[in-house]
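In the text below, chain A, chain B and the rest are named by the order of the sequence lines, each starting its count at 1.
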Amino acid sequence: MLQVYNTLSRKKEPFKPLHEGEVRMYVCGPTVYDSAHLGHARSIVAFDVIRRYLEYKGYDMRFIQNFTDIDDKMINRAQEQNTTTTKLAAKYIQEYFEDFDKLHVKRATAYPKATEHIQEMIAHINKLITKGFAYEANGSVYFRVSRFKQYGRLSRRDQGEEMPFEQEDQDAGVIEEKEHPEDFALWKVMKPGEPSWDSPWGKGRPGWHIECSVMSTKYLGDPIDVHGGGLDLVFPHHENEIAQSEALSGQPFVRYWMHNGFLTVNREKMSKSLGNFFTIQEITAKYDPEIVRLFLVSSHYRSPIDFSDAQLEEAKARLARIHNSIDLIQRRLREARVEEAKNPRKPSEADTKMWEALSTFEHEFESAMDDDFNTPEALASLNKFLTTLNTMVVGNQSVTAGTLEKTFISLDAVGEVLGLYRERMASGAADDRTVDGLVKMLIRIRDQARKQKDFKTADQVRNQLKDLGIILEDEKTGTVWKWG
RNA sequence: GCCGAGGUGGCGGAGUGGCCACGCGACAGCCUGCAGAGCUGUUCUAUAUGGGUUCAAAUCCCAUCCUCGGCUCCA
C-alpha cells in the first residue's frame with residue numbers, strides 16, 4: 001500500500017486518489033524569466049519519479065504543470081533586455097523543454113500559462129469579492145486573510161503573527177491600501193509601461209498565487225489529489241492558494257500536499273539571489289544528463305541534497321556499474337538465444353535462483369517506492385539484484401534465455417520508473433551487424449595470437465580497436481566487445 | 001523572535017526498538033598473459049553530546065550543543 005507524506009498533516013498517509021484508478025496532480029512550475037538551474041531539476045525530477053511510479057502502479061495520470069509568464073520578475077527582465085514578457089517567456093519555455101527532455105522528464109498532460117487564463121482569474125476574483133473574501137483598493141484587489149479562519153494551517157502559522165522585520169519590497173502605497181499587512185494581492189493595478197489586461201477594476205495583472213488556484217481547478221477539478229512543489233512554496237504561495245480556493249468552494253482544495261527538499265551548494269540553498277546556482281545547461285555540458293538524474297534520485301525527495309563535483313563523480317561511477325550489468329545481460333541473452341536455437345534447454349537450478357532473486361528485487365523495489373517514494377532504498381534493491389545477476393551471469397551461463405528475458409523486462413520496468421538506463425538497454429539490441437561481424441573477426445585473429453603467446457599482436461589489436469571506441473574484454477567464456 | 005527539518009562509517013546515503021542497508025573511495029584476495037569487468041573480504045565495535053526507559057535503542061523520553069531552511073521573489 002502506497003504511503004505518501006502529506007505536508008498538511010506532517011504524516012505519511014495511505015494514498016487513495018479521489019477517482020478510482022486515476023490520479024490528478026498539479027505541480028508548480030517555474031517563472032520563465034531565466035534558465036532553469038539544478039534546483040529546479042531537483043523538484044521537476046522528484047515529481048517526475050512520483051508520476052512515473054504512480055503510472056507503474058497502474059493509475060492514469062492527469063498531470064498539470066504551469067508556467068508563470070507574468071509577474072514582477074518577468075516584467076523587470078523584459079525591460080532589462082528590451083523585449084516583451086511574451087518573447088521572454090517563449091524563449092525560456094523552449095529552453096525548459098530542451099533541458100528537461102535531456103533529463104528524461106516525461107511531459108505533463110498540459111502546461112498552462114498564467115496569461116492564457118486571465119479571464120478565469122478575473123471571474124474567480126469577482127466571486128471572492130462578492131462573498132466578502134476580497135476587496136478592491138485603488139485598482140488592486142486583495143484577499144482578506146482575516147475572513148479565512150483556517151489561514152496558516154498548511155504552514156503552521158498563527159494568524160496575525162508579527163514579522164520581526166520590515167517588508168521593504170512593498171511600496172508604502174501598497175501597505176497603506178491593504179486592510180492588513182498579511183492580505184495578499186489577487187490583482188495588481190497597472191504601473192506605467194507594464195503589460196496589462198482589462199478588468200472590472202481597471203487595467204492590471206493577476207497576482208502570483210491566483211493562477212495556480214484557477215488553472216488547477218480548470219484542468220483537474222476540485223479537489224485534486226496531489227499538489228506539489230518546492231518546500232519554499234509552502235508559505236506563502238500554497239497557503240494563499242488554499243485560501244483563495246477554499247474560500248469559494250468550502251471544501252479541501254488538495255488532498256495530498258507534497259513538497260521536495262532543497263538542493264544546496266556548500267550546504268546553502270541554491271538560488272538566484274545567492275548567486276550560487278548552476279544551470280542545467282552548464283551541468284549537462286560537463287556530465288551526462290543520466291548521471292545528473294541518478295545523482296538527483298540518490299536521496300529521498302524530501303531530504304536536502306548537497307551538490308558538488310565529487311557527488312557527480314560518484315554518480316558517474318554508480319551509473320557505470322549499472323550500465324556494465326546491462327551490457328552483460330544483453331550479451332548473455334544474445335548468446336543464450338543462439339545456443340538454445342540449436343540445443344533447446346529446460347530451466348535448471350540456476351534459473352530457480354534467478355527467479356527468486358528477481359522476485360525479491362521486485363518486492364523490495366515496490367516496498368521502497370510504496371514508502372513515500374523512497375528512491376535511495378529502491379536503488380539499494382537494484383544494486384543488490386545486480387550483484388546477484390553479475391554473479392550468476394558472469395559465473396556460469398546455465399541460465400536460460402527465457403529467464404534472462406524475464407530479468408530484462410523487470411529491469412526495464414524499474415528503469416522506466418526511475419527514468420534511468422533504458423537507453424542503454426535499447427542500444428545493445430541495435431548493434432550494427434557489420435561492425436559486430438568485423439569486430440568478431442578481429443577477436444578471432446587476436447585469439448590465435450594469444451594462443452601462440454604473441455601478446456604483442458594481441459595487445460595491438462585491442463589497443464587499436466580502443467582508439468576506434470571499441471573495448472575488448474576477455475571473459476572466461478570468450479572475448480566480448482562493447483562501445484567505449 | 002516565531003515555525004520547520006536535520007546531525008549516521010574516509011565520503012554519499014537508507015533505516016522508528018533486537019538481524020542486514022546500499023553505494024563511492026581505499027586496500028587485499030579470486031579470476032586473468034596483462035588490462036578491464038565481475039565476485040569475495042577488509043576499512044565498518046558508524047549512528048552530535050550527556051542522561052534516562054528497556055532484557056535489548058541509530059530508532060522511545062529528557063536536556064544540551066551544532067547545522068540548515070521558511071517567515072521577502074524562490075523548485
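- Residue contacts for A/Gly261: at a heavy-atom cut-off of 4.0 Å it reaches a base atom on one of the strands shown.
- With hydrogens and angles ignored, a donor-acceptor pair closer than 3.5 Å exists between the side chain of A/Asp459 and the base of B/G33.
- Residues A/Leu472 and A/Thr264 both approach RNA chain B. Their nearest nucleotides, taken by heavy-atom distance, put A/Leu472 toward the 5′ side.
- Aromatic ring pairs are classed by plane angle as parallel below 30°, tilted from 30° to 60° and perpendicular above 60°; the pair A/Tyr151 and A/Phe184 is parallel.
- In terms of polar N and O atoms assigned as donor or acceptor, the side chain of A/Arg318 never comes within less than 3.5 Å of the base of B/C22 in a complementary pairing.
- Between B/A75, B/C39, B/A14, one nucleotide has an atom nearer to the side chain of A/Asp232 than all others, and that is B/A75.
- For A/Glu314 against B/G23, a side-chain-to-base donor-acceptor contact under 3.5 Å is present.
- Distance check on atom C1': B/G23 versus B/C65 gives 31 Å, rounded to whole Å.
- The P atoms of B/G9 and B/C44 are separated by 11 Å, rounded to the nearest whole Å.
- Rounded to an integer number of Å, the gap from NE2 of A/His237 to P of B/G69 is 22 Å.
- Among the atoms of the strands shown, base atoms are found under 4.0 Å from some heavy atom of A/Gly39.
- In this structure, CG of A/Leu420 is placed 16 Å from P of B/G23, rounded to the nearest angstrom.
- Residue A/Asn374 places none of its side-chain N or O atoms closer than 4.0 Å to OP1 or OP2 of B/A14.
- Heavy atoms of A/Asp474 sit under 4.0 angstrom from at least one base atom.
- Pairing each heavy atom of A/Val226 with each of A/Phe15, the nearest pair is CG2-CE1, 3.8 Å.
- The separation of B/G29 from B/C68, taken at their C1' atoms, amounts to 43 Å, rounded to a whole angstrom.
- Aromatic pair A/Phe385/A/Phe365: centroids not less than 6.0 angstrom apart.
- In this structure, A/Tyr301 places its OH atom 17 Å from C1' of B/G13, rounding to the nearest Å.
- To the nearest 0.5 Å, the span separating CG on A/Leu294 from OG1 on A/Thr375 amounts to 9.5 Å.
- A gap of 35 Å separates the C1' atoms of B/U72 and B/A63, to the nearest Å.
- An OP1 or OP2 oxygen of B/C39 is reached within less than 4.0 angstrom by a side-chain nitrogen or oxygen of A/Thr387.
- Within the nucleic acid shown, A/Arg10 comes within 4.0 Å of sugar-phosphate atoms alone, with no base atom in reach, counting heavy atoms only.
- For A/Arg321 and B/A37, a side-chain-to-base donor-acceptor distance below 3.5 Å is absent, hydrogens and geometry of angles not being considered.
- Contact annotation for A/Glu473: base contact, defined as any heavy-atom pair under 4.0 Å involving a base atom.
- When the nucleotides B/G69, B/C22, B/G33 are ranked by their closest atom to the side chain of A/Lys384, B/C22 comes out on top.
- Contact between A/Gln3 and A/Pro14 at its shortest, heavy atoms only, is OE1-N, 3.7 Å.
- Using atom P as the reference point in both B/C62 and B/A5, the two lie 14 Å apart (nearest Å).
- Protein atom CZ of A/Phe307 is 19 Å distant from nucleotide atom C1' of B/C68, rounded to whole Å.
- Aromatic ring centres of A/Phe100 and A/Tyr96: separated by under 6.0 Å.
- Within the nucleic acid shown, A/Arg153 has no heavy atom closer than 4.0 Å to any nucleic acid atom.
- A/Glu423 and A/His104 are linked by a side-chain donor-acceptor pair at a separation below 3.5 angstrom, with hydrogens and angles left out of the test.
- Spacing of P atoms, B/G4 relative to B/A26, comes out at 44 Å, to the nearest Å.
- Helical stems involving RNA chain B, defined as 3 or more consecutive Watson-Crick or G-U pairs under 3.5 Å, span B:1-7 with B:65-71, B:10-12 with B:22-24, B:25-30 with B:38-43, B:48-52 with B:60-64.
- Between the NE2 atom of A/His238 and the P atom of B/C71 there is a distance of 13 Å, rounded to whole Å.
- When the P atom is used for both B/U67 and B/U54, the distance is 35 Å, rounded to whole Å.
- In this structure, A/His300 reaches the sugar-phosphate backbone alone: every heavy-atom distance under 4.0 Å involves primed, P, OP1 or OP2 atoms, never a base.
- Evaluated for a ring pair (Phe, Tyr, Trp, His ring centres under 6.0 Å) with A/His238, the options A/Phe253, A/Tyr26, A/Trp257 yield exactly one hit, A/Trp257.
- Side-chain rings of A/His227 and A/Phe47 stay apart, their centers remaining 6.0 Å or farther from each other.
- Only one option out of A/Asp371, A/Asp372, A/Asp370 pairs with A/Lys12 in a salt bridge (Lys or Arg N to Asp or Glu O under 4.0 Å); it is A/Asp371.
- Per the geometry, CG belonging to A/Leu231 stands 11 Å off C1' belonging to B/C68, to the nearest Å.
- Rounded to an integer number of Å, the gap from CZ of A/Phe365 to P of B/A14 is 16 Å.
- Aromatic ring centroids of A/Phe307 and A/Phe278 lie under 6.0 Å apart.
- Side-chain N/O atoms of A/Lys269 include one lying less than 4.0 angstrom from OP1 or OP2 on B/G70.
- Comparing B/A37, B/A75, B/G15 against the side chain of A/Asn324 picks out B/A37 as the nearest.
- If you check every strand for non-hydrogen atoms under 4.0 Å, A/Glu475 touches a base.
- Residue contacts for A/Leu263: at a heavy-atom cut-off of 4.0 Å it reaches a base atom on one of the strands shown.
- With P as the reference atom, B/A58 and B/U47 are 8 Å apart, rounded to whole Å.
- Each of A/Pro30 and A/Lys453 was matched to the nucleotide of RNA chain B holding its nearest heavy atom; the match closer to the 5' end belongs to A/Lys453.
- Per the geometry, CE belonging to A/Met369 stands 14 Å off C1' belonging to B/A14, to the nearest Å.
- Closest approach to the A/Ala317 side chain among B/A21, B/C3, B/G25 is made by B/G25 (side chain taken as heavy atoms from C-beta onward).
- For A/Phe235, the listed nucleotide lying nearest its side chain is B/C71; candidates were B/C71, B/A14, B/A37.
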